[in-house]
Amino acid sequence: MCIGIPGQIVALDNDDPHRAWVDVCGVQREVNIALVLNPQAHAASMIGRWVLVHVGFAMSLLDENEAQETLSALQAMQEVEPDVALFLQGEKT
């Protein structure tokens, strides 16, 4: 199953401007944010932004409302789809 999950950028990598730490359901993951970075904006402006994460890459930006709705749907899905529960807990499927 392919799935993207919303996460909030909480810190930037000091050594690589394309890497950030993203909080996904309470678990911080290292994520490549190169695809969502605005070249005209300072990378620090990404702190607090919501992104859709898939296989270690931030694929798109989300607003907080959209992120929360998606997280709620995923949490409801975990009752019927065991892979979603593992993903939300930070385990590899």
Side-chain angles (χ1 to χ4, degrees):
M1 172 196 314
C2 294
I3 192 166
I5 188 164
Q8 188 174 34
I9 298 173
V10 295
L12 300 173
D13 187 309
N14 292 329
D15 299 322
D16 183 351
H18 294 134
R19 291 218 165 263
W21 290 97
V22 176
D23 184 285
V24 177
C25 297
V27 177
Q28 291 192 5
R29 303 168 184 258
E30 188 175 356
V31 173
N32 184 308
I33 60 171
L35 296 172
V36 297
L37 277 175
N38 179 343
Q40 285 78 35
H42 193 274
S45 67
M46 296 298 289
I47 301 290
R49 298 290 308 265
W50 286 88
V51 292
L52 187 64
V53 178
H54 177 66
V55 294
F57 288 86
M59 303 302 292
S60 62
L61 294 171
L62 303 171
D63 64 42
E64 185 173 2
N65 192 36
E66 184 178 18
Q68 295 299 337
E69 288 176 3
T70 303
L71 285 170
S72 293
L74 287 170
Q75 289 167 346
M77 284 177 57
Q78 73 181 338
E79 294 178 20
V80 295
E81 182 58 56
D83 287 349
V84 173
L86 292 174
F87 190 77
L88 290 172
Q89 295 165 8
E91 298 180 25
K92 296 184 187 241
T93 58

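Nothing fancy with the numbering, it's 1 onward along the sequence.
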Measure the spacing between CG of L71 and CD1 of I5 and express it to the nearest 0.5 Å. 6.0 Å

The reported gap from CH2 in W50 to CD in E66 (rounded to nearest 0.5 angstrom) is 11.5 Å

By side-chain contact (heavy atoms from CB on, under 4.5 Å), A11 pairs with (sequence neighbours left out) W21

Of the non-hydrogen atoms in P6 and A67, which two are nearest, and what is the gap between them? CG-O, 3.6 Å

Nearest 0.5 Å please: distance from the OG atom of S45 over to the CG atom of N38. 7.5 Å

Assigning hydrophobic clusters by single linkage (Ile, Leu, Val, Met, Phe, Trp, Tyr; side-chain heavy-atom cutoff under 4.5 Å), is V22 placed with I47? yes

For residues 30-53, the salt bridge (charged side-chain N to carboxylate O under 4.0 Å, His left out) pairs (sequence neighbours left out) are R19-E30

Quick one: side-chain contact (heavy atoms from CB on, under 4.5 Å) partners of E69, sequence neighbours excluded? N65

Does E64 have any salt bridge (charged side-chain N to carboxylate O under 4.0 Å, His left out) partners at least two apart in sequence or in another chain, and if so, which? none

Can you sort out the partners of N14 under side-chain contact (heavy atoms from CB on, under 4.5 Å), two or more places apart, ordered by chain and number? none

Candidate list V51, L52, V36, test side chain to side chain contact (heavy atoms under 4.5 Å, CB included), partner L62, passing option: L52

Partners meeting side-chain contact (heavy atoms from CB on, under 4.5 Å) with A20 (sequence neighbours left out): I9, L12, I33

